[in-house]
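What follows is a short report on a single structure.
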Amino acid sequence: MDKKIILRRIRHSRFMIVGAVVLVFILALSLLAPVVCQFDPEASSIAERLLPPEWLSHGMAGHILGTDELGRDVFTRLLYGARISIMIAVAVCCSAAVLGTALGLTAGYFGKKVDMVIMRAMEVIQAIPDIVLAICVLSLLGPSTLNLIIVLLIGRTPMFCRLARNNTLVYRNAEFVKASRSMGAGRAHIIFTQILPNITTPLIVQLSQAFGSNIMIESSLSFLGLGIQQPQPSWGNMIAAGRKFLATDPWVCFAPGVALMLIVLAFNFLGDGLRDVLDPKRT
Amino acid sequence: MKKRIRQLICSVLVLMLVLSCAGCGGNDSAADTTAAAGGTQAEEAAQAGSDDKIINVATSESIVKCDPHDQQGWPGRAGVAMVMEPLITTDHEGNFFPLLAESWDIAEDGLEITFHLYDGIYASNGEVFNADDVVATYNRILSDNTLNTTVNYWSRLDTVEKVDDLTVAFHFTEPEACAMDYFTATFCFPDEAYAEYGDRLWLDQIMIGTGPWVWDEWVDGQYLHLTKNQDYWKKDEYDPYYEEFYMRFLTEESSAIAAQLAGDIDAYISVGGISKDSVGLYEGTEDTTEIIEMKTSLFHFIGFQCEEGRVFHDMNLRRAFSMAFDREAIGTSLIGDNIEVSKGGLSFSFTLGYDENMDSPYYHYNPEEAARLVEESGYDGSEINFLIGSNVPYGENIGLLIAEYCQAIGLNVNTEIAEIASFQDRRKAGDYDCYLTTDGVNYGEIYNYMKTRLVSDIHQSHYVNDTFTQLVEESGHTLDIEMRDELYRQCNEILAEDVPHINLFCSPKIYAINYGVTGIQLFPDGDFNFSRIDYDASAVK
Amino acid sequence: MYFLRFVGKRILQTVIVLFFVSVIAFALIRIAPGNPATLLLPDNATEEQIQEKEAELGLDKPVVIQYLNYMGGVLRGDLGTSYNYQQPVTKVFFSRFPNTLRLTVAMMLICLACGIPLGIIAGIKQGTVIDFVAMIFALLGQSMSNVWLAVLNIYIFAVWLGWLPSVGVGGMEYLILPALTLGYPLSATTCRLGRSGMIDVLREDYITCTKAKGIPDYLVYCKYAFKNALIPIVTVVGSQFGLFLGGSVVVETIFSWSGIGQLLNQAIGNRDYELVQSSLLLIACMCAVVYLLIDIINALIDPRITLD
């Protein structure tokens, strides 16, 4: 599609702009964390446990969002935690999307035996609940970041695969594809230039929503003790650890919860905006 | 035509899907009734008698099976104890009281103990209970080597014999120092019932016993329901106000507290105690709920891997580790002010071998000295693996704080939280540099701890000290309490010097019981007993 | 004919899938470190006693023999005996399963009642206030961590407002909070899918054509558009249903809703091999059936998905 058209649509899409801005802001803040924050995210301080937020009364040197149960500054942990949470979500989603789409396209286009094998493999994976797979694999391999990504990747691929495959099936027998085939176009050409662009829209919506759910699944796994391990902060383990204090010291749990909401909203806005912008059928 | 057929099949399939859900919904409206029966039985009883004759107690762990001799957790034992009774009871401070047995004699050499039962005991089904039943119970225990009760308590029991209808004699292969304590934890069932049902007595939840409560129903993951034994043989001693008892399993602490605040629960007896930070949730309920803090014998300790070639083979590094962190500060801020810190070895005010003058220099917070020892030792900075069980109360936080202190003196300690199965596996294989866990001291007896964890070395720590081994072996055979006290004192001196283990502190437990509920026995070793639960209107504010 | 052959083939494939699941489940739980015999005995058990326990549980035989024994039992209808409960797995599993099923069905109902209609209407009335409200509803629902949502729900509705009981299994009032915690995010997802699906479909040429023919709007939406917007919804919702049949561990734990998610989690922690294997197999069975039904429904809705 014409670059100019895309750029024009981007400028007009409010959703996309808002999402992108918030995302960039959060990313920038998290990357600038060492400069912005005065505290060490992993250094505990028994004497300063569970201090309420000071907001900006002491500027950046105070505990803006208070401290957690080991006396660590919540705001600092929030920013450092953003890095790892976002990194994992992006890594998992992108690789799952690529892998899933590749498998789904293959299954949908070639059909018959290939389709059967791939889809049944996906079903085997889907038949074992995400959490159970995570628990077993992480108990076996140890709860490290890489293992976490691998397990989540395995769990996420089937959904992309299914979506890609079903949509490929829809387009496989479309008129224009048949026309290309009769003109002698190769399989790769058809797949990449004709089918793939048409199935991207639901994939992008799915992707943008998957980012969100991946960041959140880390919090479920942290609840079970399998997510990112302490003392390294991640939004998931901050929420899991802070939930006991919701009634007495709510900021410990609220801050990462709200932050999570914001970033998922941002991703979703971005996704919706992208969908509108890239839609080949829009005039 | 084809299209119509397709539409028809489509609608049939969707209908099937919906019906299967609704059908299961129909199924589980039956399950709904039984599951909701837990909730609505309360209402039914309210119509029948009065609502307040039902007592709801929440525990933090579930019951997994009903076998009276194979219980691993406290809630299970507490539940069984209400339905089946042991020969004697204890206040967990070394004093014993009659229950099924009226009196007892212990032979001089400690190899024979004889019990004289009360006359006129009968089970809830009317069956007479006498020496035959005791013999049947203990024979069952002796016949199965894999029951928890057998493994824990009765390795030295040889035979049980009936002397006459009301007298039973127990013969031991060696003197069992803790025998009396073990008798208080072994529950007896009626022999005719066992002969008739066998293991189905607990597999099918028939659970006939002599206790003041009758087992009604245990629903996995939800509750245990008992009803009052209207014809309890000791009725003149104990006749509770309550007609029904529910033990509800609520594993999430914040949810359990919410339930108590909402009035769904009358008492919350958490196995690990209510955490200090959550007590604040009870603010405002001072008139209805009593917060009880019990000193218990639950203590945290750290074990080292002392094998040659490993970091902590060097005794000075172990000492350095021990001096690196501030026990008092960690304990009081995380657990509470009423902890008791150990001054050296397994030495607390309630344990045998307690020496109030014990004051090991290695149990003080002395980071400068610790850093000096680390430097002198030639430690190369390699990563030290600090393994922590995920079920250890406050384990993660204690571990993180200690690791930080250690990092500050130059020891590169990294915490690793492992779930129970992995933790046990690794500890058993010796695959750790140090680990953090808890243990409890029942009845002040530290023999088991010393013997299994240090002498028999079940955790593969490769710590060997011949004097220590000798002392422990001797104490296992000695029946004289004062002698054992002296032996353990010497043991602790060695432990305080060599530091193969660091005993941290002993934590109190916090429970929340509504005013008016009486008879919940909370013992200093962390155990609890509900079998004498009752209601006292005058205690309600 | 074509169709029946399709169904037959899919059933055969389902059986193969289940076979592979059984192998994976069997292997996965045994690879994890930890010995169930050790966990069932106290800390100070001797080697001898541990070995006796292992023999009692059948763990002393070679792994392949164990698997064959297990599968032999499965084919005869015997799914094994739980190590911890000492009861048949089927008994333990199905005493808890109705709770999970109730929760899942309640969650689906919330989703069907709120999510889909809202999404469809928002798609039709794109750009209006309704669309905006629906989007906010959906975006909020998708962005809250379930741990957070669960704890928040308990705190707001049970403790602060006191409208509903906080924890436990029971009748309708106990079901609401956990179902809401699970149902809200799902309805948010379906709302967005329905909306985007509807928007896509409404732009298609054949819709413009039908409108041009003068067919009334509502007929256009119901008869032509709705069906096609439904495909992605059916796929996602159906797969979620299958997923949740495995129970939501987090929600069940926080609400003390004793279902199979919690059961499975505890069983894995206890290394209760037989319970884990058979539970996974049962869950996989149910999921497979659900997916089969979804595929058939999808194929019937949209004949473009050719059935070969």
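The chains referred to below are lettered A, B, ... by the order of the sequence lines, with proteins before strands, and numbering in each begins at 1.
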- For B:K428 and C:I50, run side chain to side chain contact (heavy atoms under 4.5 Å, CB included): C-alpha distance rounded to whole Å, both residues' side-chain angles, the deciding distance at 0.1 Å, then the answer. CA-CA 13 Å; B:K428 195 151 169 277; C:I50 295 178; 4.0 Å; yes
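- Distance check, rounded to the nearest 0.5 Å: CD of C:Q49 to OG1 of B:T150 gives 8.0 Å.
- Here the shortest heavy-atom pairing between B:V151 and C:L41 reads CG2-CD2, 4.1 Å.
- Looking only at side-chain heavy atoms (C-beta outward), C:R271 and B:S422 come within less than 4.5 Å of each other.
- The greatest number of non-hydrogen atom pairs below 4.5 Å with chain C, out of B:N145, B:T452, B:I63, is found for B:N145.
- Counting heavy-atom pairs under 4.5 Å between each of C:I154, C:N270, C:T253 and chain B puts C:T253 at the top.
- Taking all atoms of both residues into account, the shortest heavy-atom contact from B:D70 to C:K53 is OD2-NZ, 4.3 Å.
- Heavy-atom distances place the backbone of B:F249, and not its side chain, under 4.5 Å from chain C.
- When heavy atoms are compared at a cutoff of 4.5 Å, B:R426 does not approach chain C at all.
- The side-chain heavy atoms of C:I254 and B:S255, taken from C-beta on, include a pair separated by under 4.5 Å.
- Separation of atoms CD (B:Q72) and CG (C:L40) is listed at 6.0 Å; rounding is to 0.5 Å.
- Ranked by heavy-atom pairs under 4.5 Å with chain C, the first of B:N448, B:I458, B:D220, B:I420 is B:D220.
- Interface remark: C:Q86 contributes backbone and side-chain atoms alike to the contact with chain B (heavy atom separation under 4.5 Å).
- If you check the side chains of C:S258 and B:Q222, you find a donor sitting under 3.5 Å from an acceptor.
- Residues B:T251 and C:Q262 meet the side-chain proximity criterion, which asks for heavy atoms closer than 4.5 Å.
- Heavy-atom pairs under 4.5 Å with chain B were tallied for C:Q87, C:E47, C:E56, C:R96; the largest tally goes to C:R96.
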